[in-house]
A.B. asks: 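I am attaching a structure below and will ask some questions about it afterwards.
Reminder, nothing fancy here: chain letters follow the sequence lines and each chain counts from 1. Quantities reported herein were computed from a predicted structural model and do not represent experimental measurements.
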Protein chains: 2
Amino acid sequence: MPDSAIRPRKEFGKTIAADITHRLREEIIACSLAPGEPLRFDVLRERFGASFTTLREALTALAAEGLVDAQEQRGFRVAPVSRQDLVEVTDARVLIEVELIRRSIERGDDDWEIAVISTLHRLKRIEQRDPEHPLRDPEWKIAHRQFHQALVSACGSATLLAIRAELFDRAERYRHLSANLRPRPRDKAGEHQAIMQAAISRNADLAVQLIEAHIRSTFDNVATYAGHLLDSE
Amino acid sequence: MPDSAIRPRKEFGKTIAADITHRLREEIIACSLAPGEPLRFDVLRERFGASFTTLREALTALAAEGLVDAQEQRGFRVAPVSRQDLVEVTDARVLIEVELIRRSIERGDDDWEIAVISTLHRLKRIEQRDPEHPLRDPEWKIAHRQFHQALVSACGSATLLAIRAELFDRAERYRHLSANLRPRPRDKAGEHQAIMQAAISRNADLAVQLIEAHIRSTFDNVATYAGHLLDSE
DNA sequence: AACGGTATGATTTTCGAAAATGACGTTTTG
DNA sequence: CAAAACGTCATTTTCGAAAATCATACCGTT
């Protein structure tokens, strides 16, 4: 057997549609497809090398996630951004993430602790490579996502985890919006470290407090540095 | 202007795909497509009179809502039911619905009160027609949905309302599962009346308590009368 | 000049055929 | 006899052409 685990992940799903869905999601989150931008089939067809119907399937899936806006009979566009939407996403994230952290801290076993610690360790390692612009590093983004995922992973509800993941994606798009405009990145490393310690030491109240501050500071950052982009819609 | 509000709703979306999505959703929720049942294209094609790709788009959308299970390269099937899934859905509904009721009670204006009162009134009217089997009456289902929707409609977050709606659909499927097996329907009319009164009188704590009991009693009912259907998966 | 209606072009939406893949029974081999 | 390898069939997945729909510019009328 030649290779199966080592292969550089070109394809994510077995079907082309799932693959395109994944790639489109990435580009929308990274804002390389700008908010509000129309998604015309001719263009997408060339860019992703898939047919109308396959693209349509991918866009439909992303519309259900709130990353794409389907305007019946008039095609699709990247979901627009707005101050109101950012407020709602932040607010929903706090509600759900806080609850999931509590449950994870209550239910988490040894494997959970190990996952939290090791994902944070990995995140810090990657962070040292380019402390200035972490969001530009795809590996940092993955590691960052995995750390936050690990924190809540022991909550026991796949349903709530799926909802959380969608909100995380929508929030990450706003992070990218401000990342390029912000002069210096804020000290996320310290925040993550503190959250990890609170979680591992089973201090739920503190962990909740830190997570909420962490989420809300994202909001403040976006509002400060990309606020002008939010009202033009 | 001839008619626009009165038209008997045959079509829901302008596109065929949106229409099929809606019809499929209804059938899955009503369990006329049984949980776990494979959704083969030949069959669907004949039943809904649409082509492969259109059906595929509809199924993809429903998969994102958690009503359909997409098994890559092996087609789609109606999402299976399980005790664990029911627990998660109930639990997530309590978390979110409780919060939205609080916000609605805090923010609701005159129009909100009117909506709550009038949707309940309508529900009771319909209920009198066939008090034995309300779930078999499509109009009752719509009115029931609209009453609960009205209760939380003033919460101010379209994002959370969308999440709530998905969970409501998933829960309704379980209600249908037990409805046919339950000897006599429980007294929902009284519960709804009490919830309405608590909401209108801005008694948030009481409303929250009643809503939570209302949601959890659905769980108990399903577990009692359809429990045997949940463990066979 | 303003307005309403119509034709034209651009774009989306839908379709069924064709390719790809998985399931399963049969045969071959150790 | 068990297990692997093959071939066939059923089913899904993908494609590009064709139909439907929308946007826009043009023309005629008031």
A.B. asks: Starting from P on C/dT21, measure out to CG on A/Asp19 and report it in whole angstrom.
C.D. replies: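 Going from CG in A/Asp19 over to P in C/dT21 covers 13 Å.
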
A.B. asks: Check every atom of D/dT11, C/dC15, D/dC15 against the side chain of B/Arg40 and return the nucleotide holding the closest atom.
C.D. replies: D/dT11

A.B. asks: In whole angstrom, give the distance that lies between atom CD1 of B/Ile20 and atom P of C/dT14.
C.D. replies: 9 Å

A.B. asks: Can you check the B/Arg77 CZ to D/dT11 P distance for me, whole Å?
C.D. replies: 17 Å

A.B. asks: Can you tell me the distance, in whole Å, between the CD1 atom of A/Ile16 and the P atom of C/dA19?
C.D. replies: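 It is 15 Å, rounded to the nearest whole Å.
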
A.B. asks: Can you list everything that forms a ring pair (Phe, Tyr, Trp, His ring centres under 6.0 Å) with A/Trp140? Sequence neighbours excluded, please.
C.D. replies: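 With sequence neighbours excluded, A/Trp140 shows a ring pair (Phe, Tyr, Trp, His ring centres under 6.0 Å) to A/His144, given in chain and number order.
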
A.B. asks: Could you list all the salt bridge (Lys or Arg N to Asp or Glu O under 4.0 Å) pairs where at least one residue sits in residues 30-43 of chain B, not counting sequence neighbours?
C.D. replies: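 Listed by first then second residue: nothing to list.
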
A.B. asks: Using the closest heavy atom to pick a nucleotide of DNA chain D for each, name whichever of A/Arg45 or B/Arg56 lands nearer the 5' end.
C.D. replies: B/Arg56

A.B. asks: Taking only N and O in the side chain of B/Thr53, is any of them less than 4.0 Å away from OP1 or OP2 of D/dT14?
C.D. replies: no

A.B. asks: Would you give a per-nucleotide map of nucleotides 18-25 of chain D, 5' to 3', where B means the base has a protein non-hydrogen atom under 4.0 Å away, S means only the sugar-phosphate does, and - means neither?
C.D. replies: ---SSS--

A.B. asks: Under 4.0 Å between a side-chain nitrogen and a carboxylate oxygen: does that hold for A/Glu72 and B/Lys14?
C.D. replies: no

A.B. asks: Could you pull out all residues at least two apart from A/Arg170 that satisfy salt bridge (Lys or Arg N to Asp or Glu O under 4.0 Å)?
C.D. replies: A/Asp85

A.B. asks: Students often get this wrong, so: under 4.0 angstrom with heavy atoms, is B/Leu39 touching a base, only sugar-phosphate, or nothing?
C.D. replies: sugar-phosphate

A.B. asks: Could you pick out which residue, A/Ala17 or B/Asp42, lies toward the 5' side of DNA chain D when each is mapped onto its nearest nucleotide?
C.D. replies: B/Asp42

A.B. asks: Rounded to the nearest angstrom, tell me the gap between atom CG in A/Leu55 and atom P in D/dC15.
C.D. replies: 9 Å

A.B. asks: Rounded to the nearest angstrom, tell me the gap between atom CZ in A/Phe41 and atom P in C/dT14.
C.D. replies: 10 Å

A.B. asks: Which residue pairs pass the salt bridge (Lys or Arg N to Asp or Glu O under 4.0 Å) test with at least one member in residues 140-163 of chain A, sequence neighbours excluded?
C.D. replies: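 Counting only pairs at least two positions apart or across chains, the salt bridge (Lys or Arg N to Asp or Glu O under 4.0 Å) contacts touching residues 140-163 of chain A are A/Arg145-A/Asp169, A/Arg145-A/Glu172.
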
A.B. asks: Do B/Gln146 and B/Thr119 get their side chains close enough for a donor-acceptor pair, meaning under 3.5 Å?
C.D. replies: no

A.B. asks: Could you tell me how far apart A/Leu59 (CG) and C/dT12 (C1') are, to the nearest whole angstrom?
C.D. replies: 12 Å

A.B. asks: Just jot down the ring pair (Phe, Tyr, Trp, His ring centres under 6.0 Å) partners of A/His214, sequence neighbours excluded, or say none.
C.D. replies: A/His148, A/His192

